[in-house]
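Throughout, numbering of the chain's residues begins at 1 and tracks the sequence. Treat the numbers as computed from the prediction; the structure is a model and nothing was measured.
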Amino acid sequence: MKMCYLCGIIPPEGGEGELKKYHSDCSGRLGWHSPLPLMIPLFLFNKSFPRDRVDPQGLKACPPLVLKGPVSDKGNIILSLDQADAYSQDLIFREIHGKQIPPPEDENFLNWKGVLLCPADLPGAAPTHSAPIDRPKDLKCFSFRTWQLALYRLKYDRNRTWWQDLSLSLLWKVRKSS
């Protein structure tokens with residue numbers, strides 16, 4: 001098993017109801033299944049670090065969380081993160097007492113910026129991938145003024161597709177104020 005640490009954005013607690021409902025509807029109606037919770041993966045690290053490395057002022061400078069889609073990104077079906085480049089490590093993290101965040105993980109299979117609705121190679125879901133993406137009436141937009149930055153411990157089997165044997169444990173989260 002490979003272990004790494006996933007830093008991502010999660011919607012605010014209590015405010016994610018419509019997004020959860022949409023996520024569940026995509027699963028039931030279209031057969032899309034995501035191995036990840038409602039989160040936007042940003043960075044993968046090879047070591048954990050404490051939440052005091054998060055810069056509250058940097059978080060405050062980040063834009064609201066806006067998700068649009070569904071769209072296809074490298075075969076993955078996602079709700080795309082608007083202004084994805086605005087969420088940079090330089091803005092979000094800080095050095096504290098001479099300590100920085102660890103270097104990024106070399107093997108990064110998270111090649112999308114948004115909420116994963118269905119991974120690229122999920123068996124059985126492929127025939128429905130293009131259906132709602134091509135119909136404007138099925139496009140959605142979710143917007144959250146505030147959100148949370150979270151760090152997860154992620155374990156997966158390198159010999160299988162990443163999502164086939166995956167476990168996630170939430171280590172910490174920090175709320176972005178408005």
Side-chain angles (χ1 to χ4, degrees), residues 1-46 48 64-84 87 104-144 146-173 175-176:
M1 291 294 276
K2 167 78 173 158
M3 186 167 63
C4 55
Y5 297 88
L6 169 62
C7 186
I9 297 173
I10 55 177
E13 286 182 32
E16 77 278 25
E18 286 297 314
L19 182 57
K20 270 186 179 175
K21 184 179 174 191
Y22 177 76
H23 193 258
S24 177
D25 182 54
C26 286
S27 178
R29 189 169 52 96
L30 302 169
W32 294 350
H33 300 286
S34 175
L36 298 175
L38 292 176
M39 59 133 32
I40 298 97
L42 293 178
F43 315 110
L44 219 59
F45 299 100
N46 56 17
S48 180
L65 175 58
V66 177
L67 302 166
K68 296 176 181 177
V71 297
S72 178
D73 185 348
K74 298 173 189 80
N76 299 302
I77 304 302
I78 65 168
L79 287 173
S80 181
L81 175 62
D82 198 35
Q83 300 182 43
Y87 302 88
E105 179 67 34
D106 291 334
E107 296 177 35
N108 191 349
F109 55 84
L110 305 169
N111 58 0
W112 67 89
K113 292 288 187 203
V115 171
L116 182 65
L117 298 174
C118 188
D121 42 5
L122 183 70
T128 60
H129 273 193
S130 61
I133 293 172
D134 296 335
R135 297 191 312 235
K137 71 179 179 84
D138 288 326
L139 296 178
K140 297 286 186 184
C141 182
F142 299 93
S143 183
F144 303 95
T146 63
W147 42 267
Q148 299 173 93
L149 187 71
L151 185 71
Y152 294 87
R153 179 180 12 213
L154 184 134
K155 293 181 184 177
Y156 65 98
D157 187 343
R158 284 177 148 166
N159 300 320
R160 301 175 80 182
T161 304
W162 68 268
W163 48 263
Q164 288 180 322
D165 191 3
L166 175 82
S167 71
L168 276 173
S169 302
L170 178 65
L171 300 178
W172 54 254
K173 55 187 171 183
R175 184 176 178 269
K176 175 208 183 269

*Stepwise, does the side-chain contact (heavy atoms from CB on, under 4.5 Å) test hold for D25 with L30?*
CA-CA 8 Å; D25 182 54; L30 302 169; over 6 Å; no
*Report the C-alpha distance between D73 and S80 in whole Å, list the side-chain angles of each, state the deciding distance to 0.1 Å, and finish with yes or no for side-chain contact (heavy atoms from CB on, under 4.5 Å).*
CA-CA 9 Å; D73 185 348; S80 181; over 6 Å; no
*Determine, stepwise, if the pair T146 / R175 fulfils side-chain contact (heavy atoms from CB on, under 4.5 Å).*
CA-CA 7 Å; T146 63; R175 184 176 178 269; 3.9 Å; yes
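Contact detail for C4 and E105: the closest heavy-atom pair is CB-OE1, 3.9 Å. Closest non-hydrogen pair, P70 versus L139, comes out as O-CD2, 3.8 Å. The heavy-atom pair separating W172 from L149 by the smallest distance is CZ3-O, 3.8 Å.
With contacts defined as side-chain heavy-atom distances shorter than 4.5 Å, the pair P35/L116 qualifies. You'll find the side chain of N76 reaches within 4.5 Å of the side chain of P119, heavy atoms only. Put simply, the side chain of F144 reaches to within 4.5 Å of the side chain of L19, judged on heavy atoms. With contacts defined as side-chain heavy-atom distances shorter than 4.5 Å, the pair I10/E16 does not qualify. D82 places a side-chain heavy atom less than 4.5 Å from the side chain of K68. For the pair L117 and S34, the minimum side-chain heavy-atom distance is 4.5 Å or more. Side-chain contact between W112 and K74 is absent, with no heavy-atom pair separated by less than 4.5 Å. Residues C7 and Y87 form no side-chain contact, since every pair of their non-hydrogen atoms from C-beta on lies 4.5 Å or further apart.
Considering CG of L110 and CG of L36, their distance stands at 7.0 Å, rounded to 0.5 Å. One finds the CG atom of L168 at 10.5 Å from the CZ atom of R153 (value rounded to the nearest 0.5 Å). Once rounded to the nearest 0.5 Å, the distance linking CH2 of W147 with NZ of K173 reads 14.0 Å. With rounding to the nearest 0.5 Å, the separation of OH in Y152 from CG in L6 is 8.0 Å. From K140, atom NZ reaches atom CG of L79 across 10.5 Å, with rounding to the nearest 0.5 Å. Rounding to the nearest 0.5 Å places CD1 of I78 at 9.0 Å from CG of L67.
Formation of a donor-acceptor pair under 3.5 Å by the Q148 side chain with backbone atoms of K176 is not found in this model. At least one donor-acceptor pair closer than 3.5 Å links the side chain of K113 to the backbone N or O of L42.
For Y5, there are no ring pair (Phe, Tyr, Trp, His ring centres under 6.0 Å) partners at least two apart in sequence or on another chain.
Crowding of K20 atom NZ: a count of heavy atoms from other residues, nucleotides or ligands under 6.0 Å not exceeding 12.
With Y156 as the fixed residue, the side chain to side chain contact (heavy atoms under 4.5 Å, CB included) test singles out one of M3, K2, M1: K2.
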